[in-house]
Amino acid sequence: GTNRGLVGSDTFSGALDRLTGEDVGTYAIGQGTLDNTNYQINYVADNFRVIPASLSAVGTQNYNGTVFVSGSSLTVTGVNGERFVASGSAELASKNAQANTHLLNVNGLTLSGLNGASIANYLPLSVNNTLMTIDPLTVSLSAPSITKVYDGGYGYNMTAADLRAMSSQLVGGDTVSAAVIEFAGLNPNVCTNKVTTIQSSILNDGNGGSNYSPTYVNGVGSITAAPLTITAVNSAKFVIQADPAGYSGALFNGFVNGESVSSISGTLSFVRSNSSNNGAGTYALTPGGYGPQGSVNGNYAITYAAGTFT
């Protein structure tokens with residue numbers, strides 16, 4: 001008995017076999033049908049090992065203002081089409097919108113096999129085998145309901161309350177820090193139920209606004225007349241004189257945006273109390289000519305203030 005190999009061109013017939021099983025584990029290799037009738041075969045057994053395979057995970061999620069990724073947004077796969085459901089959450093290094101980035105931490109995930117897939121046949125999910133995309137969040141920003149006093153412009157300055165209301169569409173404490181609102185048609189004049197539009201916005205999200213894909217919804221607004229006070233300038237005459245033409249004129253207080261009396265229609269006039277009496281005394285001098293007291297002339301609400309005539 002000395003052990004030796006096959007002689008010449010002799011070969012074996014048949015094949016080795018092993019214990020059945022595809023899961024991770026050790027399986028004994030048997031001689032099976034391996035044989036050659038010209039030899040006394042001394043078979044030395046060994047083992048066949050099935051080692052764990054690697055998992056991979058890819059996912060897409062809308063920006064949520066945090067570094068946390070929901071397990072439900074991940075597709076986890078193994079070999080031969082095996083799939084796993086992920087629950088819990090993983091973490092990214094940054095909350096911002098990004099593409100094909102490795103997860104930072106997957107310890108918060110729990111994986112369950114589908115259709116008989118066993119997690120025991122796999123190594124723990126490695127962050128190096130993950131790719132995550134965070135898409136910008138689509139938000140609809142609505143122009144506020146606006147009522148402003150005529151100022152010669154077609155824009156509207158957002159208040160802190162307006163910005164807070166607009167920010168309610170954002171997540172994670174992000175805010176709308178500014179927005180440009182205009183009346184449709186760039187029309188600055190007094191109006192009611194006029195369409196207002198958002199021309200642009202600045203989103204404070206730590207990423208230059210890139211975490212959002214905003215769409216703008218029109219609003220409705222009104223521009224009310226600016227107050228204009230026309231005050232008669234005090235005037236006087238001697239008893240023997242006739243009332244002076246135009247008296248001493250009037251002061252106009254309230255014009256905006258560099259406008260003047262040419263922005264309203266009418267001609268300045270005056271009414272003196274007890275106008276037929278030319279005796280010495282003090283009389284009220286009331287201006288007019290631009291519509292009734294409290295009326296709107298152009299873009300201005302008219303108020304008359306009397307002066308004195310002595």
Side-chain angles (χ1 to χ4, degrees), residues 138-170 175-204 209 212-235 245-272 284-307:
T138 298
V139 294
S140 295
L141 302 181
S142 298
S145 296
I146 294 170
T147 298
K148 75 169 222 174
V149 176
Y150 174 76
D151 60 6
Y154 48 77
Y156 171 74
N157 294 322
M158 293 280 283
T159 66
D162 292 331
L163 292 172
R164 283 194 299 272
M166 191 174 286
S167 298
S168 65
Q169 296 273 352
L170 308 187
T175 59
V176 180
S177 57
V180 175
I181 311 295
E182 293 179 350
F183 282 82
L186 308 183
N187 185 350
N189 296 320
V190 168
C191 60
T192 57
N193 297 322
K194 184 81 169 181
V195 171
T196 57
T197 62
I198 303 176
Q199 298 300 308
S200 64
S201 60
I202 298 176
L203 307 185
N204 182 17
Y212 293 91
S213 177
T215 58
Y216 298 138
V217 179
N218 292 341
V220 176
S222 300
I223 299 177
T224 61
L228 178 65
T229 301
I230 304 172
T231 304
V233 177
N234 295 335
S235 186
Y247 296 93
S248 295
L251 299 175
F252 294 79
N253 184 23
F255 285 120
V256 298
N257 199 37
E259 295 177 353
S260 65
V261 69
S262 62
S263 301
I264 56 177
S265 60
T267 301
L268 180 64
S269 62
F270 295 93
V271 173
R272 176 169 74 85
L285 188 61
T286 303
Y290 297 101
Q293 180 83 291
S295 64
V296 173
N297 187 327
N299 292 309
Y300 293 92
I302 303 300
T303 298
Y304 297 112

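In this structure, CD1 in I223 is found 10.5 Å from OG1 in T192, a value given to the nearest 0.5 Å. Here CG of D162 is found 10.5 Å from OG of S167. Values are rounded to the nearest 0.5 Å. A distance of 8.5 Å separates OG1 in T147 from OH in Y156, rounded to the nearest 0.5 Å. Interatomic distance, L163 CG to S168 OG, rounded to the nearest 0.5 Å: 11.5 Å. S295 OG to I302 CD1: the interatomic distance, rounded to the nearest 0.5 Å, is 6.0 Å. The distance from atom OG of S222 to atom CD1 of I146, rounded to the nearest 0.5 Å, is 9.5 Å.
Side chain to side chain, Q199 and T197 meet the donor-acceptor criterion of an N or O pair below 3.5 Å.
By the salt bridge (Lys or Arg N to Asp or Glu O under 4.0 Å) test, K194 pairs with no residue at all, sequence neighbours left out. In this structure A305 satisfies the side-chain contact (heavy atoms from CB on, under 4.5 Å) test together with T229, T231, sequence neighbours excluded. By the side-chain hydrogen bond (donor to acceptor under 3.5 Å, both in side chains) test, T267 pairs with no residue at all, sequence neighbours left out. By the side-chain hydrogen bond (donor to acceptor under 3.5 Å, both in side chains) test, Y212 pairs with D174, sequence neighbours left out. Remark: N297 pairs with S265 by the side-chain hydrogen bond (donor to acceptor under 3.5 Å, both in side chains) rule, at least two apart or across chains. Scored by the ring-ring contact (aromatic ring centres under 6.0 Å, His included) test, Y154 finds no partners at all (sequence neighbours excluded). A search for side-chain contact (heavy atoms from CB on, under 4.5 Å) contacts involving T138 returns S213, not counting sequence neighbours. Partners of N218 by side-chain hydrogen bond (donor to acceptor under 3.5 Å, both in side chains), not counting sequence neighbours: none found.
Here the shortest heavy-atom pairing between L170 and L203 reads CD1-CD2, 4.3 Å. G289 and S269 get closest at one heavy-atom pair: N-OG, 3.4 Å. Here the closest heavy-atom approach between residue I230 and residue Y290 is recorded as CD1-CD1, 3.6 Å. Scanning both residues, A232 and F270, for their nearest heavy atoms gives CB-CE2, 3.8 Å. Of all the heavy atoms in I198 and A143, the pair that sits closest is CD1-N, 3.5 Å.
Under the 4.5 Å side-chain criterion, counting only non-hydrogen atoms from C-beta, P227 is in contact with V149. Taking the side chain as every heavy atom from C-beta outward, V220 and S145 never approach each other to under 4.5 Å. M166 has its side chain out of reach of S142: every pair of non-hydrogen atoms, C-beta onward, lies at least 4.5 Å apart.
Screening residues 246-260 for salt bridge (Lys or Arg N to Asp or Glu O under 4.0 Å) gives no qualifying pairs among residues at least two apart or on separate chains. Note on residues 150-159: pairs passing salt bridge (Lys or Arg N to Asp or Glu O under 4.0 Å), not counting sequence neighbours, are K148-D151. Applying the side-chain hydrogen bond (donor to acceptor under 3.5 Å, both in side chains) rule to pairs touching residues 176-188 yields N187-N189, sequence neighbours excluded.
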Please set out all donor-acceptor pairs under 3.5 angstrom arising from side-chain atoms of residues 245-256, sequence neighbours excluded.
residue : atom : partner : partner atom : Å
Y247    : OH   : D243    : OD2          : 2.8
S248    : OG   : S235    : OG           : 3.2

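Side-chain atoms of N299 come within 3.5 Å of backbone atoms of V190 as a donor-acceptor pair (strictly under, hydrogens ignored).
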